[in-house]
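One structure below.
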Amino acid sequence: MAAQQAMQSTTGGDSHSLGSPRAEELLAAARAMGPALRERAAQCRAERKVPAETIADFQAAGFFKVLQPEQWSGYAMDPQVFYTLGLEVAKHCTSSAWVLGVVAVHNWQLALFADQAAKDVWGDDPTVLISSSYAPVGKVTPVEGGFRLSGRWSFSSGSEHCEWAFLGAVVPTAEAPFDMANYRTFLVPISDYEIVDNWDVVGLQGTGSHDIVVEDAFVPEHRTHRVMDAFYCENPGNKVNDAPLFKLPFMQVFVRAVCNATLGCLEGSLEDYIEVAQTRRVGPTLMKDDPVARRLAAEVKTSIEEMRRTMISNFDAMMALAQAGQPIPVEDRVRYRYDSAVVADRCLELSGKMLKAAGSGAIRLGSPLLNRHLDILASQAHVANHSLPFAANMGGVLFGAENTDMAI
């Protein structure tokens, strides 16, 4: 109970925040799903996608609505609620939490597009889902009213459950054929792309992160979102979606979707480690009585709570400024970006320590500790979890240099 209270947002009395009745209902639903998620975990890995039953459970519980605008039947809740919910899901199935995170966060980003884009996607059904691949690999040709888009994008998690995709590309100009300041997210319907089944990996198998192929599709202007609009928090969608939630920097909200499942996975690993310690012997001593094993459990638990508190406090600070109509200082955004990226590094190190301490049985195929370790390892492959560039940028800012990253 004390740990749960420590996670509470400072705005806990707000109906959209942690501690609100709706937030408590959502978290209770996630806890109740735990046994089913664990039971389906092997199926999730074997089929290389989150089971349809799990997606249906998430829909029924309202998980995809958490960050969705209220005008589209969403809850428009604080990010602290969404990511605390994701941590609970990840304790039971990392892939399911990963897909929930990266797909449901798109319901928030769509609110940043011109309002017509949301009408295109949700006009007939507000439960329609969007996958993504943001790598700037698309070929773009400006035409009247919009753009022609072609390309092949990798790692579109949960794509088989979605009917639209967010795809990244740079719009060329005569002065700058490739300038990331001209980067945009393009919104494309499934009728304009092909999903190529090629997800064959050692971890996060259940995310179904297949390739997306587009051949010369027309994308109207209103189905694009400019990175500089996201950086300055001046998005076309803010004309309609003007709540503080939709005035946060895009990347500050999105990147948590690709490290949050990792942190929740580590918490599940700690539970598995504690279970192993009840019966495994270290020489003549039960592992649970071994001082080294005890110290490691304490280190992992403390680290999990620290990373969790950092995430909550960062969002508390950003939401407070958004509610006050004030900009979030760039130097703070740089730090928050690094705080997110370094989570996967820390989780992999701690998971590795528990895997080693659990002995040779932990490396057998099917070992829960091994499965989780491989999920955490795979999560490091996402560019948002490559911490070194963000550390270098943060260090440069501390030394007086200008920020070099617009995706913060």
Side-chain angles (χ1 to χ4, degrees), residues 1-8 27 30-31 34-35 37-39 41-42 45 83-84 86-95 97-98 202-204 256 259-314 338-380 385 387-388 391:
M1 179 63 70
Q4 182 176 352
Q5 291 174 344
M7 292 189 299
Q8 298 286 315
L27 289 170
R31 287 190 286 271
L37 292 172
R38 286 178 180 266
E39 184 177 339
R45 286 192 298 273
Y83 288 117
T84 302
L87 290 175
E88 181 64 35
V89 172
K91 285 165 52 178
H92 310 294
C93 179
T94 320
S95 289
W98 183 280
V202 298
L204 292 176
R256 268 289 163 182
C259 74
N260 201 61
T262 308
L263 180 56
C265 179
L266 182 68
E267 188 167 5
S269 295
L270 177 59
E271 292 179 356
D272 292 335
Y273 176 75
I274 291 170
E275 183 176 346
V276 169
Q278 306 309 304
T279 57
R280 180 175 180 268
R281 288 192 172 275
V282 182
T285 306
L286 279 173
M287 183 175 161
K288 69 183 182 68
D289 298 322
D290 178 62
V292 175
R294 288 181 170 189
R295 284 197 295 270
L296 177 55
E299 178 188 0
V300 175
K301 179 64 174 177
T302 300
S303 297
I304 290 170
E305 294 305 319
E306 177 193 345
M307 287 184 275
R308 191 188 292 246
R309 285 193 301 270
T310 296
M311 186 241 323
I312 297 295
S313 65
N314 288 355
Y338 175 69
D339 285 343
S340 177
V342 78
V343 167
D345 295 341
R346 295 182 66 186
C347 289
L348 186 66
E349 178 185 2
L350 294 166
S351 174
K353 287 182 177 181
M354 288 190 290
L355 192 69
K356 181 176 181 179
S360 55
I363 66 169
R364 294 186 183 277
L365 292 178
S367 155
L369 277 169
L370 178 60
N371 285 337
R372 292 184 189 277
H373 184 75
L374 293 175
D375 285 344
I376 293 172
L377 175 66
S379 78
Q380 281 203 313
N385 290 335
S387 62
L388 292 180

For this session: Dump the intermediate steps for salt bridge (Lys or Arg N to Asp or Glu O under 4.0 Å) on Arg38 and Glu271, then the final yes or no.
Result: CA-CA 13 Å; Arg38 286 178 180 266; Glu271 292 179 356; 3.2 Å; yes
For this session: Report yes or no: does Arg372 contribute a side-chain atom to a donor-acceptor pair with the main-chain N or O of Lys91 at less than 3.5 Å?
Result: yes
Problem set entry | Side chain Ser351, main chain Leu348, donor-acceptor under 3.5 Å | no
For this session: For the pair Arg281 (side chain) and Pro284 (backbone), establish whether a donor and an acceptor sit closer than 3.5 Å, ignoring hydrogens and angles.
Result: yes
For this session: Would you confirm whether Gln278, through its side chain, and Ile274, through its main-chain N or O, come within 3.5 Å as a donor-acceptor pair?
Result: yes
Problem set entry | Min side-chain heavy-atom separation Asp339-Met311 under 4.5 Å | no
For this session: Return yes if some donor-acceptor pair links the side-chain N/O of Ser303 with the main-chain N/O of Glu299 below 3.5 Å, else return no.
Result: yes
For this session: Measure across Cys93 and Leu37 and return the closest heavy-atom pair with its distance rounded to 0.1 Å.
Result: CB-O, 4.1 Å
Problem set entry | Step-by-step side-chain contact (heavy atoms from CB on, under 4.5 Å) determination, Ile304 to Val300 | CA-CA 6 Å; Ile304 290 170; Val300 175; 3.8 Å; yes
Exercise. Arg31 side chain to Glu88 main-chain N or O, any donor-acceptor pair under 3.5 Å?
Worked result: no
For this session: With rounding to the nearest 0.5 Å, note down the distance linking CG in Leu270 to CG in Leu369.
Result: 9.5 Å
Exercise. Can you tell me how far the NE2 atom of His373 sits from the CG atom of Asp272, to the nearest 0.5 Å?
Worked result: 14.0 Å
Problem set entry | NE2 on His92 to CD on Glu267, rounded to 0.5 Å | 9.0 Å
Exercise. If you take all heavy atoms of Lys353 and Leu296, which pair is closest and at what distance?
Worked result: O-CD2, 3.6 Å
Problem set entry | Donor-acceptor contact below 3.5 Å, side chain Tyr273 vs main chain Leu355 | no
For this session: Measure the OG1-CE distance between Thr302 and Met307 for me, rounded to the nearest 0.5 Å.
Result: 10.5 Å
Problem set entry | Which atom of Ala261 lies closest to which atom of Ala90, heavy atoms considered | O-CB, 3.4 Å
Exercise. Looking only at side chains, do Ser387 and Asp345 share a donor and an acceptor under 3.5 Å apart?
Worked result: yes
Seminar exercise, completed: When rounded to the nearest 0.5 Å, the distance separating CG of Leu263 from OG of Ser379 is 10.5 Å
Exercise. Cys347 and Thr262: which non-hydrogen atoms are nearest, and at how many Å?
Worked result: CB-CG2, 3.7 Å
Exercise. Taking atom CD1 of Ile363 as the centre, does the number of heavy atoms from other residues, nucleotides or ligands within less than 6.0 Å exceed 12?
Worked result: no
Exercise. Is Leu286 close to Arg280 at the side-chain level, that is, under 4.5 Å between some pair of heavy atoms?
Worked result: no
For this session: Without swapping roles, check the side chain of Ser313 against the backbone of Thr310 for a donor-acceptor pair under 3.5 Å.
Result: yes
Exercise. What are the two closest non-hydrogen atoms of Cys259 and Val343, and how far apart are they?
Worked result: O-CG1, 3.8 Å
For this session: Output yes when a side-chain donor or acceptor of Arg256 lies under 3.5 Å from a complementary backbone atom of Tyr83, and no otherwise.
Result: no
For this session: Measure the shortest side-chain to side-chain distance between Leu370 and Leu374 over non-hydrogen atoms and say whether it is less than 4.5 angstrom.
Result: yes
For this session: Write down the atom of Arg294, the atom of Asp289, and the distance for their closest heavy-atom approach.
Result: NH2-OD1, 3.3 Å
Exercise. Is there a donor-acceptor pair under 3.5 Å between the side chain of Asp375 and the backbone N or O of Thr94?
Worked result: no
Exercise. Say you draw a straight line from CG of Leu266 to CE of Met354; how long is it, rounded to the nearest 0.5 Å?
Worked result: 4.5 Å
